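Here the structure is a predicted model, which means the values were calculated and not measured.
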Amino acid sequence: MDLWSKKVEGIITQVFLMLFSSYGVTRGDMCHSPLVSGLLPSSFRSSSQLSSSHGPGFAKLNRREGAGGWSPLSSDRYQWLEVDLGGRTQIAAVATQGRYGSSDWLTAYLLMFSDTGHNWKQYRQEDSIGAFSGNSNADSVVQHKLQHPVIARYVRLIPLDWNPNGRIGLRLETYGCPYNSDVVSFDGRSSLSYRFSPRPRQMTRESISLYFKSLRNSGILLHAEGGSEHSLTLELEKGKLRLLLRKGRSLSPDSQHLVYLGSLLDDQHWHHVTVEHHSNHLNLTVDKSTMWVQISSRFAHWDHDQMSVGADQGLGSLRSVGLNRNFHGCLENLVYNGLNLVNLAKRRDPRVTVKGSVTFSCAEPVFVAMTFTAPQSFLWLPAVTEVSSTGFSAGLQFRTWNEEGLLLTFDLPNYGGTVWLYLSKARLHLHIHKAGRALLELNTGSALNDGQWHSVELTSRRAHVTIEVDGDEAAAAHASLSFLITPRGHLFFGGCPTEESSQDCMNPFNAFQGCMRLLTLGSQQVDLIKVQQRLLGNYSHLRVDLCGIIDRCSPSHCEHGGSCSQSWSTFHCNCSGTGYGGATCHSSIYEQSCEAYKHKGNTSGHYYVDVDGSGPIRPQLIYCNMTEDKTWMVIQHNNTELTRVRPLRGKNQHSAHFGYAAEEEQLSAIISQSEHCEQELTYHCRKSRLLHAPDGSPLSWWVGGPGVGQVQTYWGGAPPGSLQCTCSLQGNCVEPRHRCNCDADRSEWANDSGLLTHKDALPVRSVVLGDIHRPGSESAYRVGPLRCHGDKNVWNAAFFDKETSYLHFPTFHGELSADISFLFKTTSSSGVFLENLGIKDFIRIELSSSTEVLFSFDVGNGPLDVRVTADSPLNDNRWHHVRAERNVKEASLRLDELPATTQEAPADGHIHLQLNSQLFIGGTASRQKGFRGCIRSLQLNGITLDLEERAKITPGVQAGCPGHCSSYGSLCQNQGRCVERPVSFSCDCRPSAYTGPFCDREVSASFKTGTSVSYTFREQTAKELNKSSGGSGALSSSAYSDMTLRAENVSLSFRTSHSPALLLYIGSFHREYLALLLDKHEKLEVRYRLDGGRDAEILKSKVRNLANGQLHTVAISRLAEAVSVQVDQNTKEDFNLTSDVEFNAVRLLVLGRVHDSGELDPDLARLASLGFTGCLSAVVFNSVSPLKAALLHPDTSPVTVTGPLVQSICGSSSYNPSAAETTHHLSGQSGSVGTGQPLVVTTRSDSALIGGVIALVIFVTVSALAVVGRVLYRRKGECPSQEVKTAKPEDGPDRPFSRQAGSRNGPSESQREYFI
């Protein structure tokens, strides 16, 4: 045949297939013809019949012959009716009817299919539903359209339930159409080889489609390869389909792509496989499971010109290593790129080579299996009547998912013993027991619960016993016995009868659940069909002639990488290490933002943040900086430090690329859900222009935004597209004619700095700097971390002011997994939060009473309710958190921090939630009582519904919901006040001695001998003092000296190793004072002198060892003459003053050294002159926090500091005084000083020489500063020092670098960078 003829033939074949396929579509639409009504009575079989007039041949729909239908002899679940359709047929629907004119009909049944009349397969809907609903009377017809049409010859119906006032009665019909196919059979040694000549032209979408039925769990289906050394192999491996793509001869991972799909494909039933090849991915389908497979470019081009079917024939020179196992079974309708390869082989096309015995029909041996469905399942058989004098043997094959289970047991009546053959920990065990003791224990095999068929042989020959698994003689277990194993009476498989009368079977192990086949006793195989007909032995809870094993882990319902394991009746997801929890690893165990962590009471630190909750984006470790007013998410990249530009030869520009600690999807989600994001962009320059050359051409730019980003030509602090720097907007550029300081091209150091805040241009991906090569040019740049605050999801809320108001959204899609979370607050006792309906299914969450939340839904198994009851009313107008989840395994509901309530889903129930109406929020489509109150942060499967936007256009619903302090006010600690905000809240720490987002961070300082903090009471402070003291003394508005206190509260914490020591001193204008000190015995003394004419009263605590270097807390409270003192957790000590009870004209409070000690007693004056050495923390006098004022607000508070005062964490209970203390000084935080250069990171490009020069300059600078300091010290008497070496600590994760915070507005005389 010439080339043209072959081309014409190919075209005709493709056109024929196209017409055939479109004809098939039409046939599929019309495939609903009755299949049973025209059959002969001989096509019907049944388990039994009540009489000849109740025979199976009368079971035709709407027929009245005989007794009007089929009825079995007895009504139980072991009956069945079978129909032979005469050939393989496509079955699309089934209909049932009761027996005419009777009370006999089915209410539920199972549907089975087979090609051979054996090895039945149960039809399941949604992969788990086995039962079909039947009739409610004898005459009406109930029809079920099959979700997935079935191709089979035999149909069997098994009754499950029937009219309780009648018996089993049935008439039936199936609907479908004839099915024709091309089939080829391989015997495990045969194969077909194809050579495509000429090669098929390259197609935009290539495909392979086939059906197969296998007798073994492993074997090659097909292997294709081409001239470009690309090969494709489809192979069965332990019952799974294995797809291997390979490029070249190498076995390295880079040269091959391997995926698995499907399970239990060796069940001798037909399975459908398709491979669709697109440019950069594959769609691999096995039956109803499809996998999307991303492939690299090396596998994108297919040029297969030869294929081997049934084996790897080693075509060409690219024989695949290890693929030498031939396929044993049948293939049907093998189509490659529209070419029917089986049809080519049948027509003996010259391009096809046949090897071995290949037949074009599907002949298969009959294996009758049985399924042990329940713990009550068992099979007993009579022992062999003739026992050989030489020994006994028993064999079987099984498959199961359970690690434990009895396989076989029987008694040894001649010896008074019992034999058990069983599984334990997935190994085979033999146990022989006699008279209360074990005579023999053997074990062999491993991992026998993998769902594969395993063979077991028990052999007893003379005085020797052997157990063997899978024919592995080398691993068989042997032992010697003094007697021969000779069973008498009954042999029990799988378990024992539960009847009390059965004394001849004991099972100390778990019952077996799984499949068995090929049972042999001696040399005889057990006829299980006779067992099914109850002609041999007996059984219970046994399904004969099918293996009902299901792989519940294929496809896996475990999400987010959770690993699936299973038993016979259920599966389990191991979520360890995934970041998700729940029965299917669906719900994230982390919060979705730093804002959410803050409002659970967490402080600054690293947290895993899952930005989309149960969505596909993985959790990411992110630093959360919780400040008093904002909560920042800080995302670092690979270089956040100020970096010197080092020009490279041959390159006119310097490029820097930034890789972030978060993945692209995480970055996009964080930026999208945040109210505000920013990123610092700084450029320091000398003779290095930034944006514009003199001719206006761009010199530098940066790239930012999602994905690869877009080029941006503006600088930090300027708006997008402005081609400007910050100084141009503020009008303070060093040269007004330039838009950036650096564009002035001066020889002095300058900088352009600012924040990028346009979210669409964030994060910064790269920076390109152009003016770096001119003589004298020097520059450095810094791109700070991405910082975002404000979670738009957490505070997204709506207020429903009427029970009839609601919001509606599109239908909620949560077919297999659905999680719903939200917060609510209300004063109503009931109301529906949300509802979504389907035709039959629904989902609803409601406040069913003032103390109960109800989660209810129906997926087709009937309504299921999950309830959580609170201990206190929920209509308290405080926020309450509801989290509901429903998946294929269970449903759960959690309220606030109460334990979750769960309800297991039916093991064989419906699993798909099918909804079609709109989603109602705050109300219902069914007109039930709506919700009145606030709903906030409503998320469905990790997606936040924008309640506020929808509320703006909906009558009766208001956007937003104020009033958060009633719920979160308790987070504000240590007298901090909760402050309401339109969204969120904050803690006002001004009344507290603490700071931080929740007023929980102690303010501590290390004191030296000369340190003194003096707080002078102003008029307003005096008013607050008098008010907070609860006193009623007079207070003049014009003179501080008239303030009188009748009560005060003092508290502080300290840590010291020195005594005696003065902790605190409060003095007045009238020589009255209050002093706290440690005496020489390391005990606390409180000294009151409230009468200037009398000596001080000394109140001594009994608590010892207070100068032991540990942290101690002191609280003193006075009301008139009554004084109470408490040290740490010790019992309060009460004292009474005997002098005056008024503390008049309070003037100042001193911590540390008291400089003006003239009014003190001599011994107290001596102690006051020594000061305090150690740590003071959380100092409060009534409402005044003097230490906090000195450290954090020195410029706005009436405080004077002399001597060194260093902020520290020494007031923390976890503080380790032996560790090196890290301090932060206010003097080190200035942005720019003088006319020098910035401190830069040079380790990336500087040489050791540069480092040495910098070190030398630093040494000279420090020496000069020391000289200046010496001069200033000598002038101390003329200008008293008020040095405060402290700052608010930076909790961020940034490594130390010069922030240059003050240089964003352009250089000035006081804001410039010194270059070292």
Side-chain angles (χ1 to χ4, degrees), residues 557-562 573 575-600 602 606-622 624 631 633 635 662-675 788 790-797 809-824 833-834 836 843 845 855 857 879-897 900 902 913 919 921 935-948 984:
H557 291 296
C558 302
E559 303 178 46
H560 300 107
C573 294
C575 307
S576 301
T578 65
Y580 297 84
T584 59
C585 311
H586 175 76
S587 298
S588 180
I589 62 175
Y590 303 115
E591 299 296 331
Q592 291 186 240
S593 66
C594 291
E595 188 89 10
Y597 276 112
K598 175 181 178 180
H599 294 98
K600 292 184 68 176
N602 298 90
H606 285 91
Y607 297 92
Y608 277 99
V609 174
D610 195 333
V611 290
D612 68 339
S614 59
I617 303 177
R618 296 184 301 174
Q620 176 67 39
L621 188 64
I622 288 177
C624 298
T631 302
M633 300 178 73
I635 299 96
E663 296 179 359
E664 179 61 33
E665 290 180 324
Q666 296 162 339
L667 284 172
S668 298
I670 289 172
I671 293 172
S672 174
Q673 74 181 31
S674 298
E675 296 284 354
C788 298
D791 185 349
K792 293 189 292 186
N793 296 336
V794 167
W795 301 106
N796 191 298
F809 290 86
T811 305
F812 174 45
H813 296 286
E815 285 78 6
L816 294 177
S817 295
D819 73 277
I820 303 171
S821 68
F822 59 92
L823 294 99
F824 76 91
F833 298 120
L834 63 86
N836 206 160
I843 189 169
I845 304 178
F855 173 36
F857 61 91
W879 287 113
H880 297 281
H881 194 185
V882 175
R883 284 156 289 183
E885 180 182 348
R886 178 261 156 191
N887 52 59
V888 299
K889 194 170 175 63
E890 68 179 24
S892 64
L893 178 65
R894 187 169 184 178
L895 173 65
D896 295 331
E897 299 305 318
T902 60
L913 176 65
L919 169 66
I921 306 299
I935 297 178
R936 174 166 70 86
S937 188
L938 174 60
Q939 296 184 333
L940 283 72
N941 279 347
I943 299 175
T944 301
L945 299 189
D946 196 341
L947 301 177
E948 293 186 354
S984 186

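To the nearest 0.5 angstrom, Leu834 atom CG is 12.0 Å from Phe824 atom CZ. Taking CG of Asp896 as the start and NE2 of His880 as the end, the distance is 6.0 Å to the nearest 0.5 Å. Rounded to the nearest 0.5 Å, atoms OH (Tyr597) and CG (Asp791) are 12.5 Å apart. In this structure, CG in Asn796 is found 5.0 Å from CG in Leu947, a value given to the nearest 0.5 Å. Note: Ile635 CD1 to Ile622 CD1 = 5.0 Å, rounded to the nearest 0.5 Å. In this structure, CZ on Phe822 lies 9.5 Å from CG on Leu940, to the nearest 0.5 angstrom.
Looking at every heavy atom in both residues, Gly615 comes nearest to Tyr580 through O-OH, 3.8 Å. Across every non-hydrogen atom of Ser588 and Gly613, the tightest pair is CB-O, 3.6 Å. Taking all atoms of both residues into account, the shortest heavy-atom contact from Ala884 to Ile845 is CB-CD1, 3.8 Å. Residue Pro619 comes nearest to Gln666 through the heavy atom pair O-NE2, 3.6 Å, listed as atom of the first residue, atom of the second, then distance. Across all their heavy atoms, Phe855 and Ser892 have their closest contact at CD2-O, 3.8 Å. For the residue pair Cys573 and Cys585, the shortest heavy atom distance occurs at CB-SG, 3.7 Å.
For the residue pair His557 / Asn887, no side-chain donor-acceptor distance below 3.5 Å is found, with atom types taken as modelled. A donor and an acceptor atom, one from each side chain of Thr902 and Glu890, are nowhere located under 3.5 Å apart. In summary, the side chains of Gln592 and Gln673 do not present any donor paired with an acceptor at a separation below 3.5 Å, with no hydrogens or angles considered.
Within the 4.5 Å cutoff, the side chain of Lys792 has no heavy atoms near those of the Asp946 side chain. At least one side-chain heavy atom of Leu893 sits under 4.5 Å from a side-chain heavy atom of Val882. With a 4.5 Å cut-off on side-chain heavy atoms, Val609 and Ile670 do not count as touching. Side-chain atoms of Asp819 and Arg883, non-hydrogen and from C-beta on, never get closer than 4.5 Å to each other. Side-chain atoms of Val794 and Ser593, non-hydrogen and from C-beta on, do get closer than 4.5 Å to each other. Contact check for Ile820 versus Ile843: side-chain heavy atoms found under the 4.5 Å cut-off.
Of the possible donor and acceptor atoms, one in the side chain of Arg886 sits under 3.5 Å from a partner among the backbone N and O of Glu815. In this structure a side-chain-to-backbone donor-acceptor pair under 3.5 Å is missing from Ser672 to Ser668. Checking side-chain atoms of Asp610 against main-chain N and O of Ile589 turns up no donor-acceptor pair under 3.5 Å.
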Are His560 and Thr584 close enough, and set up right, to give a side-chain contact (heavy atoms from CB on, under 4.5 Å), and what steps lead you there?
CA-CA 9 Å; His560 300 107; Thr584 59; over 6 Å; no
Report the C-alpha separation of Thr944 and Gln939 in whole Å, then their side-chain angles, then the decisive distance to 0.1 Å, and conclude whether the side-chain contact (heavy atoms from CB on, under 4.5 Å) test is met.
CA-CA 4 Å; Thr944 301; Gln939 296 184 333; 2.8 Å; yes
Would you check, one step at a time, whether the test side-chain contact (heavy atoms from CB on, under 4.5 Å) holds for Trp879 with Arg936?
CA-CA 9 Å; Trp879 287 113; Arg936 174 166 70 86; 3.5 Å; yes
Evaluate Phe833 against Leu938 for side-chain contact (heavy atoms from CB on, under 4.5 Å), listing each step before the verdict.
CA-CA 10 Å; Phe833 298 120; Leu938 174 60; over 6 Å; no
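Taking the six-membered ring for Trp and thresholds of 30 and 60 degrees, Trp795 and His599 have ring planes more than 60 degrees apart, a perpendicular arrangement.
Checked against the 2.5 Å cut-off, the SG-SG distance between Cys558 and Cys575 does not fall under it.
Enclosure of atom OH in Tyr608 is not indicated, since only 12 or fewer non-hydrogen atoms of other residues, nucleotides or ligands lie within 6.0 angstrom.
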